[in-house]
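Chain naming here is simple, since letters A, B, ... match the order of the sequence lines and numbering starts at 1 in each. Just so it is clear, the model here is predicted, and its values are computed rather than measured. Values below: every heavy atom of this structure, side chains too, minus hydrogens, waters and symmetry copies.
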Protein chains: 2
Amino acid sequence: MVSSISSLDRTDIAILRVLQAEGRISNVELSDRVHLSPPATLARVRRLEEEGYISGYAAMLNREKLGHDNLALIEIALELHQYERITEVLDQLVAMPEVLECYHVTGEYDYMIKVSTVNNRALDHFIAKRLIPLPGIARIHTSIVLKALKQTTELDLPEP
Amino acid sequence: MVSSISSLDRTDIAILRVLQAEGRISNVELSDRVHLSPPATLARVRRLEEEGYISGYAAMLNREKLGHDNLALIEIALELHQYERITEVLDQLVAMPEVLECYHVTGEYDYMIKVSTVNNRALDHFIAKRLIPLPGIARIHTSIVLKALKQTTELDLPEP
DNA sequence: GTTGAAATATATGACGT
DNA sequence: ACGTCATATATTTCAAC
């Protein structure tokens, strides 16, 4: 996709900055922050949603309080197969609820996934019973997260 | 932190599941989804927020449409120093807006960061002018994300 | 926990600029 | 494209059960 940021003005960027940090802020409060009337602010938010700049809203949960004590980053190397076989495997992989992120990456391995589970035992089960059995998995390398120092979805938005 | 999930019932989990996917859903709609009255639902949401199960709400933005064409996963090995020096470096690292995530990990490297920039040139600038100059950086290894196949913050919440 | 009612705040639409 | 005003909805609080 080509960047469409040039069609956004300073106020749009200001709105996105606020909503990234406070997704449930009221429209009145948001309009105050960006120095615009509530209707004008709401119209911009709707436009940003409809045009896909905002893909959705999410409650950010506390993983540890919710029993997810284990986070792992797993690199995956695939055997060379025909394209359709690979996309099949990837479809299965991204459908797994333990897999929060999946990236095709450069380097020694082909894919990197972020996996959140309740504990080491559940991670072991995920790797042994769900990941390894996928066809075409050549090699994996697991890094356990000992501590998360920063976790944000807030992008550093450029000025228009 | 020890898990506190045992103090949550089926309805709390249902609320969290909905809010993870639709963070800006109205209380009335949410109450309908979890088969509870609006006042009871709102009281639960407030409790989940106050007790820290919900850490906040965020608008999820479309990185590419907003000009962020480059995502990289960078492994970092630190030189062995006294603890205070390391925390200083980490404080600087997590304060950088390009760094979306930072994890202390097991393995050959010590830390893994996820970095979002507008393009390769900005990533190069980040690495050369901001990351490498930090004191105590022994070695880094960069993986460029060629494609993001899945990116979610939705945890697979266990049944109570 | 529910229901229902009332006060407040918010979102939405019409209109004028 | 924005602001103001008016209306429609939603939210919040309270009371009674």
Task: Positional range of nucleotides in DNA chain C within the contact set of chain A, heavy-atom, under 4.0 Å - done: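 Boundary nucleotides touching chain A, in 5' to 3' order, are C:dT10 to C:dG13.
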TODO: Run the salt-bridge test on B:Arg44 and B:Asp9 with the 4.0 Å N-O cut-off and return the result as yes or no.
DONE: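 Yes, charged N to carboxylate O under 4.0 Å.
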All N/O pairs under 3.5 Å across the protein-nucleotides 14-17 of chain D interface:
none

TODO: Please confirm whether A:Arg24 makes a cation-pi placement over A:Tyr57, using NZ or CZ under 6.0 Å from the six-membered ring centre and within 45° of the ring normal.
DONE: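 Because its charged atom misses either the 6.0 Å distance or the 45° angle limit, A:Arg24 does not stack over A:Tyr57.
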Please list, pair by pair, any protein nitrogen or oxygen found under 3.5 Å from a nitrogen or oxygen in nucleotides 9-11 of chain D.
unit_1 : atom_1 : unit_2  : atom_2 : d
D:dT11 : OP1    : B:Asn27 : N      : 2.7
D:dT11 : OP2    : B:Val28 : N      : 3.1

Task: Hydrophobic cluster identity match, B:Tyr103 and B:Ile140, side-chain contacts under 4.5 Å - done: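 No, no single cluster joins them.
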Open item on the list: When you group the ILVMFWY residues by side-chain heavy-atom contacts below 4.5 Å and let the links chain together, are A:Ile86 and A:Ile113 in the same group?
Closed with: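 Both belong to a single hydrophobic cluster.
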Open item on the list: For A:Lys147 and B:Tyr111, which I'm curious about, is there any donor-acceptor pair between the side chains at under 3.5 Å?
Closed with: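 Not at all, the side chains of A:Lys147 and B:Tyr111 share no donor-acceptor pair under 3.5 Å.
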Open item on the list: I'd like to check the side chain to side chain donor-acceptor pair (under 3.5 Å) partners of A:Asn70; sequence neighbours left out, ordered by chain and number.
Closed with: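 Result, side chain to side chain donor-acceptor pair (under 3.5 Å) vs A:Asn70: A:Asn120.
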Task: Pairing residues for A:Glu22 by the side chain to side chain donor-acceptor pair (under 3.5 Å) criterion, not counting sequence neighbours - done: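 Checked A:Glu22 against side chain to side chain donor-acceptor pair (under 3.5 Å); matches are A:Arg33.
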- [ ] Using a 4.0 Å heavy-atom cut-off across all strands, classify B:Arg44 as base, sugar-phosphate, or nothing.
- [x]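 Sugar-phosphate: the residue B:Arg44, judged by heavy atoms under 4.0 Å, touches backbone atoms but no base.
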Open item on the list: Could you work out, with ring-ring contact (aromatic ring centres under 6.0 Å, His included) as the rule, every residue matching B:His125, not counting sequence neighbours?
Closed with: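 Scan of B:His125 (ring-ring contact (aromatic ring centres under 6.0 Å, His included), adjacent residues dropped) gives none.
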- [ ] Measure the spacing between SG of B:Cys102 and CE of B:Met112 and express it to the nearest 0.5 Å.
- [x]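 Rounded to the nearest 0.5 Å, the SG-CE separation comes out at 10.5 Å.
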Task: Neighbour count >12 (heavy atoms, 6.0 Å) for atom CD1, A:Ile132 - done: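 More than 12 within 6.0 Å, yes.
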